[in-house]
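Remember, it's a predicted structure, so these values are computed and weren't measured experimentally. Quick note on labels: first sequence line is chain A, next is B, and so on, each numbered from 1.
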2 protein chains.
Amino acid sequence: MLHPLRSHIESVSQLTDEEFEFVLSHFTPVKLKKHSALVREGDMVKHEYFVMKGCLRSYMTDADTGKEYTYQFAVEHWWISEREAFVKQIPAATTIECMEDCELLALSYDNRLKLGRELWKYEHYLSTKSALGYVALQKRLQLLLKGSTKERFENFVQQYPHLYNRIPKSIIATYLGVSRETISRLYRK
Amino acid sequence: MLHPLRSHIESVSQLTDEEFEFVLSHFTPVKLKKHSALVREGDMVKHEYFVMKGCLRSYMTDADTGKEYTYQFAVEHWWISEREAFVKQIPAATTIECMEDCELLALSYDNRLKLGRELWKYEHYLSTKSALGYVALQKRLQLLLKGSTKERFENFVQQYPHLYNRIPKSIIATYLGVSRETISRLYRK
């Protein structure tokens, strides 16, 4: 079976076995237990992570109200990091937490640049996936701006059926920007 | 004076004069009058545009309510396109309209790929700018999820002081997802 990271890259650029071995040699495996933090608010973020197994979320807690806001989920074969901190090399503004036991592949900032420089296909993979990530985020923003609570929920269920059954509904509520009561009502329907 | 497109690329990768001439030879100048549409809903989108002069916005009209939602503004030295339609080569879901007379540089989808393939620095510029664009969009989403109307408005004014004085406040309201009455009240303060 193809390595999941290879499948992910090959959705953009085909690689030879040698090229993929070269790519993989820049990654380091990381194992984390459920409830542990991959990134804490204030940390310098030196890596981005490809998820081999498990489920994570990034969130921020409002200092005044104590309310949590979930910004991103990640499961198998998704990338996650505190993107702003990683890209700009500034301290993290959000926390990334393991919601299950996790196995990740870590790529350092320097190795990311090196891979892109030494293997054009990797740079092209980055630019293509970033563009698609931007589009996905734009659709989420459109839904947040325009959609009703019900539409946001239905869209989430339709887009991510595997997350809907895996993640506690109280946390999905903090992702959709709706109250816990509202989400319970929507789940019952 | 450095060409604005060259400055933009050189914020990521330094170019020689020859390299910039090569890049620029892939662009086509476009002039459009105020109120004209650069992209209409349903169009196939074959280009992305670098703004030399003028101001544009992309928006969608809700079929049921007739309400408008503004997704993006662009002024001098920003890129604009119907990103999803351009990246995935599917029909446009939003309209892009000139709010002033505009001068643009158009880059076709094929030339974008060609430039990235033939000049690594251009591919690296794309991947870096896409990553930064993603981060900027993420911050907007965070503010939409978490910020009060007042915070969203203040953040907009602080982040884009030049847009705040240039764009009608009724349109800024459709970008921030607040009512026209609310925005008038905030402007008075």
Undergrad: Sort by residue number and list every residue of residues 102-119 of chain B having at least one heavy atom under 4.5 Å from chain A.
TA: B/L113, B/G116, B/R117
Undergrad: Quick check on A/K67 against chain B: is it the side chain, the backbone, both or neither that has a heavy atom closer than 4.5 Å?
TA: neither
Undergrad: Pick one of side chain, backbone, both or neither for A/S13, based on which atoms fall under 4.5 Å of a heavy atom in chain B.
TA: neither
Undergrad: Quick check on the interface: out of A/Y175, A/F86, A/Y134, who has the most heavy-atom pairs with chain B under 4.5 Å?
TA: A/Y134
Undergrad: Heavy atoms, side chains only, cut-off 4.5 Å: are A/Q142 and B/Y71 in contact?
TA: yes
Undergrad: For chain A, which of B/Q72, B/K139, B/K88 has the most heavy-atom pairs under 4.5 Å?
TA: B/K139
Undergrad: Any side-chain heavy atom of A/L137 sitting closer than 4.5 Å to one from B/R140?
TA: no
Undergrad: Contact part of A/T94 toward chain B, heavy-atom cut-off under 4.5 Å: side chain, backbone, both or neither?
TA: side chain
Undergrad: Give the member of B/S127, B/A136, B/G177 that has the highest number of heavy-atom pairs under 4.5 Å with chain A.
TA: B/S127
Undergrad: How long is the span from the CG atom in B/L132 to the CZ atom in A/R83, to the nearest 0.5 Å?
TA: 11.0 Å
Undergrad: In terms of heavy-atom proximity below 4.5 Å to chain A, should B/S58 be classed as side chain, backbone, both, or neither?
TA: neither
Undergrad: Between B/H124 and A/L126, is there a side-chain heavy-atom distance shorter than 4.5 Å?
TA: no
Undergrad: Is B/H162 atom NE2 crowded by more than 12 heavy atoms from other residues, nucleotides or ligands, each under 6.0 Å away?
TA: yes
Undergrad: Relative to chain A, which segment of B/Y125 carries a heavy atom at a distance below 4.5 Å: side chain, backbone, both, or neither?
TA: neither
Undergrad: Using non-hydrogen atoms only, which part of B/Y69 is less than 4.5 Å away from chain A: side chain, backbone, both, or neither?
TA: side chain
